[in-house]
Amino acid sequence: MRRLLTFNPWLYLLCFVLLVGAVLGQQYRVFERVWFSVQEWRHGAQWREQSLWLSDYRVVIEAKPIADISDVSALTYDPDRRSLFSVTNKPAKVIELSLEGDLKRTIDLEGFGDPEAIEYVAPGTYVIADEREQRLVKVRIDDATRVLDAADFQQLSLGIGRNGNKGFEGLAFDAANQRLLVAKERDPVRIFEVLGFPHVDESKPLALQVNTDPKRDARLFVRDLSSLDFDAATGHLLALSDESRLVIELNAEGKPISTLSLLRGQHGLKRGVPQAEGVATDDEGTLYLISEPNLFYVFRKAQ
């Protein structure tokens, strides 16, 4: 006689759990993160001396509100002014902050649709990224600046993988190699290398080159990119992910070598960082972070 198949609820439950685990593992890049943790543990002694080594950082200013400001996005350090700059998009403004997170001034932006990033590139010179239009605008800021009109400045539009409100979300500048690194938020996560902009010598023709590194981007075990920062002392790149609650340090070859978790209980945080939008480091290695709507953080290496 043919044996009848019987219903086994435990088998179906096991299959369901395995399916959900596989989906979540793919969605949150769990397997890559576990593999990286093993590598971080194995090579920690070697990597620590050659990097920022984010694992050693501890929060010293946590969730300090920035007065009368909301919707902050991006962060950059100006070594000449020894201050920080960020942007807001509702309303569109550039804001200057002290290294303790105090508001120093605001600058109105005109002709910018959705400013999402700002990056210091030279004394008094910055690049602002307009997310939706995938536009980069080189601007000049001095003590007297109160308004910046995009129409007055050099611009570059890059129609690369246009995807609505998931465009340019972060900037970093490598001065030694004169390259601007531009982060695409997601779908997919990408970091573009732009050579030739900002155009330094305007008496010469623009020689523009845009490069990508798919292998490096595939190693970024994050769901999105919110901000970038380039550390000249080590030649390493920091990539911030809001959805993954993580800052990743990438070496010159684009390989992850250390991380800073933004979850509660990590690196001295009493609460998790709610919506991290900007990261920057100064020339002493101090790490600054901002989170929507207007929260300011400082991390320093434990002594």
Side-chain angles (χ1 to χ4, degrees), residues 40 44-66 72-87 94-105 117-127 141 143 170-181 183 226-241 246-252 256-262 266-270 273 276-291 294-303:
E40 190 177 28
Q46 170 192 350
W47 291 349
R48 177 178 272 112
E49 301 303 320
Q50 305 170 20
S51 68
L52 289 167
W53 198 247
L54 299 176
S55 302
D56 288 343
Y57 278 70
R58 294 294 179 270
V59 67
V60 294
I61 297 179
E62 180 174 358
K64 177 180 177 178
I66 303 169
V72 292
S73 182
L75 198 63
T76 190
Y77 171 68
D78 184 327
D80 307 302
R81 303 180 66 89
R82 291 198 58 79
S83 61
L84 299 161
F85 283 82
S86 182
V87 291
V94 169
I95 65 172
E96 183 177 4
L97 304 171
S98 74
L99 300 185
E100 292 73 41
D102 298 316
L103 181 64
K104 299 176 73 171
R105 64 166 165 166
I118 184 170
E119 181 67 11
Y120 168 93
V121 296
T125 305
Y126 306 78
V127 173
I141 297 175
D143 289 339
L171 297 172
F173 188 65
D174 174 7
N177 296 295
Q178 289 293 297
R179 59 181 185 139
L180 184 68
L181 299 165
S226 302
S227 183
L228 300 175
D229 181 68
F230 186 83
D231 179 61
T234 60
H236 292 180
L237 182 68
L238 298 183
L240 169 65
S241 171
L246 200 66
V247 181
I248 302 178
E249 179 183 6
L250 307 173
N251 68 9
I257 58 172
S258 76
T259 60
L260 186 148
S261 172
L262 304 180
Q266 301 295 312
H267 304 277
L269 288 167
K270 295 178 181 177
V273 179
E277 288 290 333
V279 65
T281 53
D282 65 17
D283 40 20
E284 296 178 353
T286 301
L287 188 148
Y288 305 91
L289 196 80
I290 56 170
S291 173
N294 65 339
L295 301 180
F296 179 80
Y297 298 77
V298 177
F299 294 81
R300 291 195 179 98
K301 249 185 179 179
Q303 301 297 323

Within the side chain of [X], is there an N or O that forms a donor-acceptor pair under 3.5 Å with the backbone of [Y]?
X: K301; Y: R58; result: no
X: D174; Y: R179; result: no
X: E96; Y: R105; result: no
X: H267; Y: S261; result: yes
X: K64; Y: E100; result: yes
X: E62; Y: Y297; result: no

Could you tell me whether the side chain of [Y] reaches within less than 4.5 Å of the side chain of [X], counting heavy atoms only?
X: I118; Y: V94; result: yes
X: V127; Y: L180; result: yes
X: Y126; Y: D78; result: yes
X: D143; Y: R81; result: yes
X: Y57; Y: V247; result: no
X: V279; Y: L228; result: no
X: V87; Y: I95; result: no
X: F173; Y: L181; result: no

Nearest heavy-atom neighbours spanning [X] and [Y]:
X: I248; Y: L54; result: C-CD1, 4.3 Å
X: E119; Y: T76; result: OE1-OG1, 3.3 Å
X: E249; Y: S258; result: OE1-OG, 2.6 Å
X: L103; Y: L97; result: CA-CD2, 3.9 Å
X: I290; Y: S86; result: CD1-OG, 3.3 Å
X: I257; Y: W53; result: O-CZ3, 3.1 Å

- State plainly whether the residues R300 and D56 are in salt-bridge range, i.e. N to O under 4.0 Å. no
- For the pair R82 and D283, find out whether any cationic side-chain nitrogen is under 4.0 Å from an anionic carboxylate oxygen. yes
- Message: When you compare the side chains of S226 and E277, does any donor N or O come within less than 3.5 Å of an acceptor on the partner?
- Response: no
- Pick one: which of D229, T281, D282 meets side-chain hydrogen bond (donor to acceptor under 3.5 Å, both in side chains) with Y288? D282
- How about Y120 and Y77: are their ring centres within less than 6.0 Å of each other? no
- Dump the intermediate steps for side chain to side chain contact (heavy atoms under 4.5 Å, CB included) on F299 and L260, then the final yes or no. CA-CA 10 Å; F299 294 81; L260 186 148; 4.1 Å; yes
- Show your reasoning for whether side chain to side chain contact (heavy atoms under 4.5 Å, CB included) applies to L289 and L240. CA-CA 9 Å; L289 196 80; L240 169 65; 4.0 Å; yes
